[in-house]
Undergrad: 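Below: one structure in structure tokens.
The model shown is predicted, which means the values in this text are computed figures rather than measured ones. Only heavy atoms go into these numbers, but all of them, side chains included; no hydrogens, no water, no symmetry mates.
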Amino acid sequence: MANREEAEMQISELDLLSSMFPYEEEFVVTDQLAVAELKHYVENESAEMPSSKVQFILNVKPEASNASMAEFSMACALPLKYPTVPPEITVRSSLLSRAQQVHLNSDLKTYLVQNCSGEPCMLSAREWVKDHAAAYVDKELSSSSVTTSDAVQSEGVTFTRLWIYSHHIYNKQKRKNITDWAKELALSGFCMPGKPGVVCVEGLQSSCEEFWSRVRRLTWKRILIRHREDVSLEGGGHAEIQKQRKFPPLEEKCFDAHGARGSHMDLGQLYRFLEEKGCADIFQMYFGVEGH
């Protein structure tokens with residue numbers, strides 16, 4: 001299957017998911033830039049292949065008699081070769097122990113390898129989770145099954161960096177929420193208030209996703225993830241996580257605010273700040289121009 005054909009199938013499947021699950025509590029794309037790159041690649045024959053995978057969240061209420069049971073969240077990523085290769089899916093729920101979660105994800109991976117090759121399969125994967133996930137909550141894992149320590153090793157740890165764009169960030173309570181939540185979740189990064197607003201958070205993937213889940217539920221004119229970086233860490237120890245960080249604990253950064261409300265920042269200073277942190281390429285992703 002040609003790369004462009006695979007990309008077209010991914011776009012079609014994303015459109016289908018959007019129409020079937022129109023609400024953010026059901027389906028949300030977590031990297032809009034990756035989708036834009038994919039569409040550009042499909043529509044322009046001279047375009048280069050996208051540099052990042054499309055990533056999104058599907059939330060599933062399981063088929064179970066207990067109606068109050070918590071949702072299961074499917075964190076999904078589509079490799080550039082999907083659907084020739086299976087999607088990458090990690091299922092999480094507050095009801096699952098670490099070992100149960102690894103057992104569930106291992107079985108899901110087996111299902112995907114056996115049943116999802118060559119054809120789009122996100123709906124069938126979602127149905128599998130809906131039908132089977134609840135059973136893992138009560139599943140006792142024997143000594144012959146995976147142990148908690150084995151579970152930690154086999155799942156590994158992912159370090160994530162989210163680059164969030166907002167039309168503006170003025171509200172003092174929102175700004176306080178951003179700094180307080182980042183501190184609570186042990187995230188580093190920075191927040192540039194004003195118009196536009198820029199937020200970068202980095203840390204454990206689960207913490208970044210929890211931060212984004214809280215932030216996007218606030219009232220915004222426009223807010224989205226411009227770019228997402230994920231790094232798999234083999235050991236996942238504290239030292240390895242610290243090595244990946246480019247920023248200190250999250251704090252507000254103001255760059256010579258000007259304008260009637262002091263709401264416009266000096267973007268040249270922002271570019272130099274990003275350049276110092278080894279993130280200069282992000283500037284063009286936000287503003288569509290080269291920094292200087």
Undergrad: Under 3.5 Å, side chain of Ser97 to main-chain N/O of Gln100, donor-acceptor pair present?
TA: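 Yes: the side chain of Ser97 pairs with the backbone of Gln100.
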Undergrad: What distance do Ile169 atom CD1 and Cys191 atom SG have between them, rounded to the nearest 0.5 Å?
TA: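 Those atoms lie 4.5 Å apart.
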Undergrad: About how many Å separate NZ of Lys109 and CD of Gln114, when rounded to the nearest 0.5 Å?
TA: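 Rounded to the nearest 0.5 Å, the CD-NZ separation comes to 12.5 Å.
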Undergrad: Less than 4.5 Å apart, side chain to side chain, heavy atoms only: is that true for Leu112 and Ile89?
TA: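 Yes, their side chains come closer than 4.5 Å.
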Undergrad: Do other residues, nucleotides or ligands put more than 12 heavy atoms under 6.0 Å from Gln242 CD?
TA: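 Atom CD in Gln242 is crowded, with more than 12 foreign heavy atoms closer than 6.0 Å.
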Undergrad: Could you list the donor-acceptor pairs under 3.5 angstrom formed by side chains in residues 28-36, with sequence neighbours left out?
TA:
| residue | atom | partner | partner atom | Å |
| --- | --- | --- | --- | --- |
| Thr30 | OG1 | Gln55 | O | 3.1 |
| Asp31 | OD1 | Leu33 | N | 3.2 |
| Asp31 | OD1 | Ala34 | N | 3.3 |

Undergrad: Is there a side-chain contact (heavy atoms from CB on, under 4.5 Å) between Ile11 and Lys39? Walk through the geometry before answering.
TA: CA-CA 7 Å; Ile11 293 296; Lys39 288 181 177 177; 3.4 Å; yes
Undergrad: Kindly write out the residues that satisfy salt bridge (charged side-chain N to carboxylate O under 4.0 Å, His left out) with Glu24, not counting sequence neighbours, or none if the list is empty.
TA: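 With sequence neighbours excluded, Glu24 shows a salt bridge (charged side-chain N to carboxylate O under 4.0 Å, His left out) to Arg216, given in chain and number order.
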Undergrad: Verify the distance criterion only: is there a donor paired with an acceptor across the side chains of Asp230 and Thr158 at less than 3.5 Å?
TA: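 No - no donor-acceptor pair under 3.5 Å links their side chains.
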Undergrad: Decide side-chain contact (heavy atoms from CB on, under 4.5 Å) for Leu17 and Phe56; before the verdict, give the C-alpha distance in whole Å, the side-chain angles of both, and the deciding distance to 0.1 Å.
TA: CA-CA 10 Å; Leu17 292 171; Phe56 53 90; 4.0 Å; yes
Undergrad: Do you know which two heavy atoms are closest between Phe247 and Cys200, and how far apart they sit?
TA: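 It is CE1-SG, 3.8 Å.
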Undergrad: Search all heavy atoms of Tyr165 against all heavy atoms of Arg222 and return the closest pair with its distance.
TA: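 The pair with the smallest heavy-atom distance is CE2-NH1, 3.9 Å.
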Undergrad: Test of understanding: with side chain to side chain contact (heavy atoms under 4.5 Å, CB included), list the residues that count as partners of Pro248, not counting sequence neighbours.
TA: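 With neighbours one apart ignored, the set is Glu251, Lys277.
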Undergrad: Measure the CZ-CG distance between Arg217 and Asn177 for me, rounded to the nearest 0.5 Å.
TA: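 Spacing of CZ (Arg217) from CG (Asn177) equals 14.0 Å.
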Undergrad: Do Phe159 and Gln205 make a side-chain contact, defined as non-hydrogen atoms from C-beta onward lying under 4.5 Å apart?
TA: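 SC-SC contact between Phe159 and Gln205 ruled out.
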Undergrad: Which pairs, with at least one residue in residues 198-222 and sequence neighbours excluded, count as a ring-ring contact (aromatic ring centres under 6.0 Å, His included)?
TA: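 Passing the test, one end in residues 198-222: no pairs.
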Undergrad: Other than Tyr41, what residues sit in its cluster of Ile, Leu, Val, Met, Phe, Trp and Tyr side chains whose heavy atoms are under 4.5 Å apart, directly or through others?
TA: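 Members alongside Tyr41: Met49, Leu80.
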Undergrad: Does Pro79 offer a backbone N or O that forms a donor-acceptor pair with the side chain of Gln10 under 3.5 Å?
TA: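 Judged by distance alone, yes, a pair lies under 3.5 Å.
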Undergrad: To the closest 0.5 Å, what do you measure between CD1 (Ile241) and CG (Leu204)?
TA: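 Answer rounded to 0.5 Å: 4.5 Å.
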Undergrad: So, Asn59 side chain and Glu25 main chain: donor-acceptor pair closer than 3.5 Å or not?
TA: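 Confirmed, Asn59 side chain pairs with Glu25 backbone.
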Undergrad: Do Phe255 and Met192 touch side chain to side chain, with heavy atoms closer than 4.5 Å?
TA: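 A side-chain contact under 4.5 Å exists here.
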Undergrad: Tell me, do Met122 and Cys76 make a side-chain contact under 4.5 Å, heavy atoms counted?
TA: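 Sidechains of Cys76 and Met122: in contact.
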Undergrad: Residues sharing Val113's hydrophobic cluster, by side-chain heavy-atom contacts under 4.5 Å among ILVMFWY, directly or via others?
TA: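 For Val113, no cluster forms, as it stays isolated from other hydrophobic side chains.
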Undergrad: Only counting residues at least two apart or in another chain, list the ones meeting salt bridge (charged side-chain N to carboxylate O under 4.0 Å, His left out) with Lys53.
TA: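 Scan of Lys53 (salt bridge (charged side-chain N to carboxylate O under 4.0 Å, His left out), adjacent residues dropped) gives Glu88.
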Undergrad: Relative to the ring of Tyr271, is the ring of Phe283 parallel (under 30°), tilted (30 to 60°) or perpendicular (over 60°)?
TA: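 Judged by the thresholds at 30° and 60°, the geometry between Phe283 and Tyr271 is perpendicular.
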Undergrad: Do other residues, nucleotides or ligands put more than 12 heavy atoms under 6.0 Å from Lys246 NZ?
TA: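 It does: Lys246 NZ has more than 12 such atoms within range.
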Undergrad: Judged by atom type as modelled, is there a donor-acceptor pair below 3.5 Å linking the side chain of Ser207 to the main-chain atoms of Gly203?
TA: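 Flag not set: sc Ser207 to bb Gly203 has no pair under 3.5 Å.
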Undergrad: Could you measure the distance from the NE2 atom of His167 to the CG atom of Leu224? Nearest 0.5 Å is fine.
TA: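 So the gap between those two atoms works out to 11.5 Å.
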Undergrad: Kindly write out the residues that satisfy side chain to side chain contact (heavy atoms under 4.5 Å, CB included) with Ser124, not counting sequence neighbours, or none if the list is empty.
TA: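 Ser124: side chain to side chain contact (heavy atoms under 4.5 Å, CB included) contacts with Tyr111, Cys116, Cys121.
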Undergrad: Do the side chains of Ile178 and Val199 get nearer than 4.5 Å, heavy atoms only?
TA: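 Yes, their side chains come closer than 4.5 Å.
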Undergrad: Can you tell me how far the CD atom of Glu8 sits from the CG atom of Leu38, to the nearest 0.5 Å?
TA: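 Answer for the CD-CG pair, Glu8 versus Leu38, is 9.5 Å.
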Undergrad: If a pair satisfies salt bridge (charged side-chain N to carboxylate O under 4.0 Å, His left out) and one of its residues is in residues 163-182, list it, with sequence neighbours excluded.
TA: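 Sorted result for residues 163-182: Arg175-Glu252, Lys176-Asp180.
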Undergrad: Parallel, tilted or perpendicular: which one describes the rings of Tyr136 and Trp128, with boundaries at 30° and 60°?
TA: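 Tilted: the ring planes of Tyr136 and Trp128 meet at 30° to 60°.
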Undergrad: Of all residues at least two apart in sequence or in a different chain, which pass the ring-ring contact (aromatic ring centres under 6.0 Å, His included) check with His168?
TA: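 By the ring-ring contact (aromatic ring centres under 6.0 Å, His included) rule, His168 matches Tyr170.
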Undergrad: If you apply the rule side-chain contact (heavy atoms from CB on, under 4.5 Å), what do you find for Lys81 with Asn3, and how did you get there?
TA: CA-CA 7 Å; Lys81 297 290 291 178; Asn3 291 331; 3.4 Å; yes
Undergrad: Is the closest side-chain heavy-atom distance between Ser73 and Ser93 below 4.5 Å?
TA: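 No - every pair of side-chain heavy atoms lies 4.5 Å or more apart.
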Undergrad: Shared ILVMFWY cluster between Ile225 and Met285, side chains joined below 4.5 angstrom?
TA: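 Different hydrophobic clusters.
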Undergrad: With hydrophobic residues grouped by side-chain heavy-atom distances under 4.5 Å, do Phe273 and Leu267 end up in a single group?
TA: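 Linked, Phe273 and Leu267 end up in one cluster.
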Undergrad: Is there a side-chain contact (heavy atoms from CB on, under 4.5 Å) between Gln101 and Val91? Walk through the geometry before answering.
TA: CA-CA 7 Å; Gln101 182 174 307; Val91 181; over 6 Å; no
Undergrad: Main chain of Ile164, side chain of Tyr286: is a donor-acceptor contact present, judged purely on distance under 3.5 Å?
TA: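 Yes; judged by distance alone, with no hydrogens or angles, the pair exists.
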Undergrad: Going through the distances and angles, do Ser51 and Glu37 end up as a side-chain hydrogen bond (donor to acceptor under 3.5 Å, both in side chains)?
TA: CA-CA 8 Å; Ser51 58; Glu37 282 187 345; 3.3 Å; yes
Undergrad: Is there a donor-acceptor pair under 3.5 Å between the side chain of Gln284 and the backbone N or O of Asp281?
TA: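 No, because the side chain of Gln284 does not come within donor-acceptor range (under 3.5 Å) of the backbone of Asp281.
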Undergrad: Residues two or more places apart in sequence or in another chain: which of them pass salt bridge (charged side-chain N to carboxylate O under 4.0 Å, His left out) with Glu209?
TA: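 Per chain and number, Glu209 pairs via salt bridge (charged side-chain N to carboxylate O under 4.0 Å, His left out) with Arg92, Arg228.
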Undergrad: For the side chain of Ser18 and the backbone of Leu14, is there at least one donor-acceptor N/O pair under 3.5 Å apart?
TA: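 Yes, because the side chain of Ser18 sits within donor-acceptor range (under 3.5 Å) of the backbone of Leu14.
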Undergrad: Within the 4.5 Å heavy-atom criterion, are Pro22 and Phe27 side-chain neighbours or not?
TA: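 Pro22 vs Phe27: side chains apart.
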Undergrad: Does the side chain of Glu127 reach to within under 4.5 Å of the side chain of Leu123, using non-hydrogen atoms?
TA: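 A side-chain contact under 4.5 Å is absent here.
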Undergrad: Honestly curious: do Leu162 and Leu274 fall in one hydrophobic cluster under the side-chain, below-4.5 Å linking rule?
TA: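 Not linked; separate clusters.
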Undergrad: Which pair of heavy atoms, one from Met9 and one from Pro120, lies closest together, and at what distance?
TA: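 It is CE-CD, 3.4 Å.
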Undergrad: Table please: side-chain donor-acceptor pairs of residues 181-190 below 3.5 Å, with sequence neighbours left out.
TA:
| residue | atom | partner | partner atom | Å |
| --- | --- | --- | --- | --- |
| Glu184 | OE1 | Arg214 | NH1 | 2.9 |
| Glu184 | OE2 | Arg214 | NH1 | 3.4 |
| Glu184 | OE2 | Arg214 | NH2 | 2.9 |
| Ser188 | OG | Glu202 | OE2 | 2.8 |
| Ser188 | OG | Arg245 | NH1 | 2.8 |

